[in-house]
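Atoms within each ligand, like the ligands themselves, are counted from 1 in listed order. Only a predicted model underlies this, so the values are computations on that prediction, with no experimental measurement involved.
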Amino acid sequence: MGGAADLALALDPVAWARAALAFEPDAWQAQVLRSASRRILLNCARQTGKSTVTALMALHMAIYRPGSLVLLLSPTLRQSSELFKRVADFYRHPAEAVPSQAESALRLELASGSRIISLPGKEGTVRGYSGVDLLVVDEAARVADELYYSVRPMLAVSNGRLVALSTPFGARGWWYEAWHSPAAWERYEIPATQCPRIRPEFLEEERRALGEWWYRQEYMCEFLDAETAAFRREDVLRLWSDEVETWQL
Ligand SMILES: Nc1ncnc2c1ncn2[C@@H]1O[C@H](COP(=O)(O)OP(=O)(O)OP(=O)(O)O)[C@@H](O)[C@H]1O
Ligand SMILES: [Mg+2]
C-alpha cells in the first residue's frame, strides 16, 4: 500500500477496518475506534459487539504503532482465548490462536515488534508486564477488584490506554464503581435495543424467558441489586460451575 493511503489507515481505524478487513462498524463502534480518550468504559448488552470493537482497537494499535504492547485481560481462560481468537482471525493468522499450553498466555507478535498478549485473570499470570500501551479488560464486571488494581500500574510509565467492557453484573465491584464515579472516563452505554443485529422479537422472548431482572441486566445495561433478583447469585453461578473457580468474585 502507498505511503499516503497507509497513513490514512494509520490515522483512522474505521477506514482501516473497512479497507483491510471489510468490516463495517456500527456507529458507536466507529466512535470508540476513533476516540482519543485514554480511559473508556463500554457498558454494553450481551452480543452487541463490544469484544469485537476492542479486538479491532488492539490490532490497529499493534500494526500502526511499532513496538507497542497490548494486553487483553479476561476473567477466565475461555474468555481470554475467545477475545484473542477474534484478534487473530482479524489478523488472518488463526493458527496463532491455538494455545500451545492450556494455561499459558496467548500472544501474537508482529514483525514490527508489537505484541498482543491475552491473559486469563489470575494474578500469577498477569504480573510482570509493564509499559503497556493498551490494556483491554473484557467481561470487566467479573474481574476481581484486586486484579484490576494490580494491572492499572502497568499503564503508568507508558501513559497507556485502558478500555474496560462488560455487561453489568450486580451493583458492586470496581466496574460498577467506575461507571458511577465522577472520574473522567469516556462512557458508552449500548442496550440491545440499539444493536441492528438483535431482533425485537428475540428480545421479547428473552424478557419472558429470563424475567424482568435478568432482562434488564443482560440486555438493558442496568446495574441491579442482587437482593431484588428472583434467583440467588450462588445458584446462577453454579450454572457456570466450570468457570466459577476462576471468576475470582
Ligand atoms: N459491526 C458489526 N457488523 C457485523 N457483525 C458484528 C459487528 N460487531 C459485532 N458483530 C458480531 O456480533 C456478534 C457478537 O459480537 P461480540 O462477541 O463482539 O459481542 P459482545 O458484546 O462481546 O458479546 P458477549 O456479551 O456475549 O461477550 C459476533 O458474531 C460478531 O462477529
Ligand atoms: Mg464479549
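- Only the backbone of P25 comes within contact range of ligand 1, with a heavy atom under 4.0 Å; no side-chain atom does.
- Among all protein heavy atoms, the one lying closest to atom 28 (C) of ligand 1 is R86 NH1, 4.0 Å.
- Atom 22 (O) of ligand 1 has its closest protein heavy atom at S51 OG, 2.8 Å.
- Within the listing of ligand 1, atoms 27 (O) sit less than 4.0 angstrom from a heavy atom of E139.
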Test side-chain hydrogen bond (donor to acceptor under 3.5 Å, both in side chains) on R142 and S166; report intermediate values, then the result.
CA-CA 8 Å; R142 291 180 163 86; S166 197; 5.8 Å; no
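- Side-chain contact of S35 with E186: a donor-acceptor pair under 3.5 Å is present, judged by distance alone.
- Considering both main-chain and side-chain atoms, T52 comes within under 3.5 Å of ligand 1 through a nitrogen or oxygen pair.
- Of all heavy-atom pairs spanning A45 and Y219, the tightest one is CB-O, 3.4 Å.
- At the top of the distance list for atom 3 (N) of ligand 1, counting protein heavy atoms only, stands R197 NH1, 3.3 Å.
- N43 and R187 are not linked by any side-chain donor-acceptor pair at a separation below 3.5 angstrom, with hydrogens and angles left out of the test.
- The Mg ion (ligand 2) has S51 OG as protein N, O or S atoms under 2.8 Å away.
- In this structure, of R46, E82, Q79, K50, the residue bringing a heavy atom nearest to atom 26 (O) of ligand 1 is R46.
- Residues Q217 and Y215 have side chains that never bring a donor and an acceptor to within less than 3.5 angstrom of each other.
- Although no hydrogens or angles enter the test, the distance criterion places a donor-acceptor pair under 3.5 Å between the side chain of D145 and the main chain of W174.
- With respect to atom 23 (O) of ligand 1, the closest heavy atom belonging to the protein is Q47 N, 3.0 Å.
- Summarising the geometry of Y188 relative to W28, their closest heavy-atom pair is CE2-O, 4.4 Å, with the distance given to 0.1 Å.
- No hydrogens or angles considered: nothing links the side chains of S74 and D138 as a donor-acceptor pair under 3.5 Å.
- Counting only N and O atoms by type, the side chains of S114 and R65 include no donor and acceptor under 3.5 Å apart.
- If you look at F223 and F169, their ring centroids are not closer than 6.0 Å.
- Listed by number with element, the atoms of ligand 1 under 4.0 angstrom from any heavy atom of D26 are 1 (N).
- By the definition of a contact as any protein heavy atom under 4.0 Å away, atom 18 (O) of ligand 1 is in contact.
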